[in-house]
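Taking it in order: structure first as structure tokens, then the write-up.
Below, all heavy atoms of this structure are taken into account, side chains as well, without hydrogens, waters or symmetry copies. Letters A, B, ... are given to chains in the order of the sequence lines, protein chains preceding strands, and every chain is numbered from 1. Treat the numbers as computed from the prediction; the structure is a model and nothing was measured.
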There are 2 protein chains.
Amino acid sequence: MRSYGQYCAVARALDVVGDRWSLLVVRELLMRGACRYTDLRHGLPGIATNLLADRLRDLEGGGIVTRVDAPPPIATTLYELTPRGSELAPVLDALGIWGAELMAQPQGTDEFRSHWLAFPLGRLTDSAPDLPPITIQVRTGDQPMIVETVDGRVRARPGTVEHPDAALAGPPGTVVAFLRGRLDLAGAKRRGLRFEGNKAVITRLQPARSLNR
Amino acid sequence: MRSYGQYCAVARALDVVGDRWSLLVVRELLMRGACRYTDLRHGLPGIATNLLADRLRDLEGGGIVTRVDAPPPIATTLYELTPRGSELAPVLDALGIWGAELMAQPQGTDEFRSHWLAFPLGRLTDSAPDLPPITIQVRTGDQPMIVETVDGRVRARPGTVEHPDAALAGPPGTVVAFLRGRLDLAGAKRRGLRFEGNKAVITRLQPARSLNR
DNA sequence: CAGCATCCGCTTTGATACTG
DNA sequence: CAGTATCAAAGCGGATGCTG
């Protein structure tokens, strides 16, 4: 990216990560950890392959990403955030919180990937952390996800589980709105939610306090 | 900006403010409040005038900026953030904190505007808020600034004051590093700082705790 | 002068095809 | 799988011109 040429912290930050797609590459690596090139392409629907290669080079040059040659059985290069790259998490968080308002507009033709759930759901907390942890099976998007509470926090990770406390499926917007408490069960079902299991565990999930300023 | 077409809060946010210059326009309006077109141009050195007009249209369409027809004596249109636009402050904060690391590299040919001081200095707090407030006259960049403590917080605003507790001048990087406690007086003087007044008041300025995550 | 709009050369992006 | 190559279209930067 062409530098803004301004002696200002915001402008200098954007000199490094202000290019189109750059912050979304960081999003992928933050949410999924080390990724192969193909994984990144899959998590960034719409990106041209040459642009992904360009951005990875740029981000590597900017000290955000490192290339790791993974030994067998992976036997390919992995891309991973550097510590400096991981420090972008608050930027992505702030953008995600601001952009959450825009998720009310329906999905339309937008692409969706299940692992993107980690962002909105990671803002939730378990209001009863002393009770046994919750495990919820969520099926929306390209792969099944497990949403679970750990030490009062909520995590989402790919996978399936034998006997979840609840199992959800349906359109991503409905699933997220329901888990975040923005839709009650009846309203969510009207918007396509399929629900099985213990309704009470959902109410344990509560939005985290907002970022300070 | 062309939409990323992803049902993800970060991508949707970037659909609105991810264009080149967009977040810097927001920076200007956040730091200076309502601005005339010409003020924005001055605060955004390097922007092409048609691009500024474009961005203002885009941001208006995105609900970030409003156009206000100010009555005489101003008698021109002012641009101002909407409440929704002001909610971008945490995003700019996070970017500014991340980008602060990049300010160690010297200014070089980068442009500088005095009002950009509000960002790095706004992260400082007054460690002795019960003592009388501090007033510091700072001369660096295009206009004199007053740095003062109000209720334990530090503010920077344009202006001059009769009898400040201290008066500083020199290159912007040196002034900021000194005020943030990253350079001591001797080191700062070696890097071009000119200082008059009470050295003790500077030590009352302390970095705020970082954003939570 | 403030507030744009137009034009033009250049760079970046996006889509597709191709290669080790 | 992990990219590179190619090319048309869009976006950007700079200069300049127009209007109240």
Whole-Å gap separating [atom2] ([N]) and [atom1] ([X]):
X: B/R36; N: C/dC1; atom1: CZ; atom2: C1'; answer: 10 Å
X: A/L40; N: D/dC1; atom1: CG; atom2: P; answer: 13 Å
X: A/L78; N: D/dG3; atom1: CG; atom2: P; answer: 11 Å
X: A/L56; N: D/dA2; atom1: CG; atom2: C1'; answer: 11 Å
X: A/D39; N: D/dA2; atom1: CG; atom2: P; answer: 7 Å

A/Y4 side chain vs A/R12 backbone, donor-acceptor pair below 3.5 Å:
no
B/T125 (side chain) donor-acceptor with B/Q206 (main chain) under 3.5 angstrom:
yes
OP1 or OP2 of [N] less than 4.0 angstrom from a side-chain nitrogen or oxygen of [X], does that happen here?
X: A/Y79; N: D/dG3; answer: yes
X: A/R57; N: D/dA2; answer: no
X: A/T76; N: D/dC1; answer: no
X: A/T77; N: D/dA2; answer: no

Heavy-atom side-chain contact between A/W98 and B/R84 under 4.5 Å:
yes
Nucleic acid footprint by protein, nucleotides 5-19 of chain D - heavy-atom cut-off 4.0 Å, B for base, S for sugar-phosphate alone:
BB-----SBB-B---
If we count only N and O atoms by modelled type, under 3.5 Å, do the side chains of A/T49 and A/Y37 hold a donor and an acceptor together?
yes
Please say whether more than 12 non-hydrogen atoms of neighbouring residues, nucleotides or ligands are located less than 6.0 Å from CZ in B/R182.
no
Only pairs under 3.5 Å count here: list side-chain donor-acceptor contacts from residues 160-181 of chain A, not counting sequence neighbours, and write none if there are none.
{"residue": "A/D165", "atom": "OD2", "partner": "A/T135", "partner atom": "N", "Å": "2.7"}
{"residue": "A/T174", "atom": "OG1", "partner": "A/R191", "partner atom": "O", "Å": "2.8"}

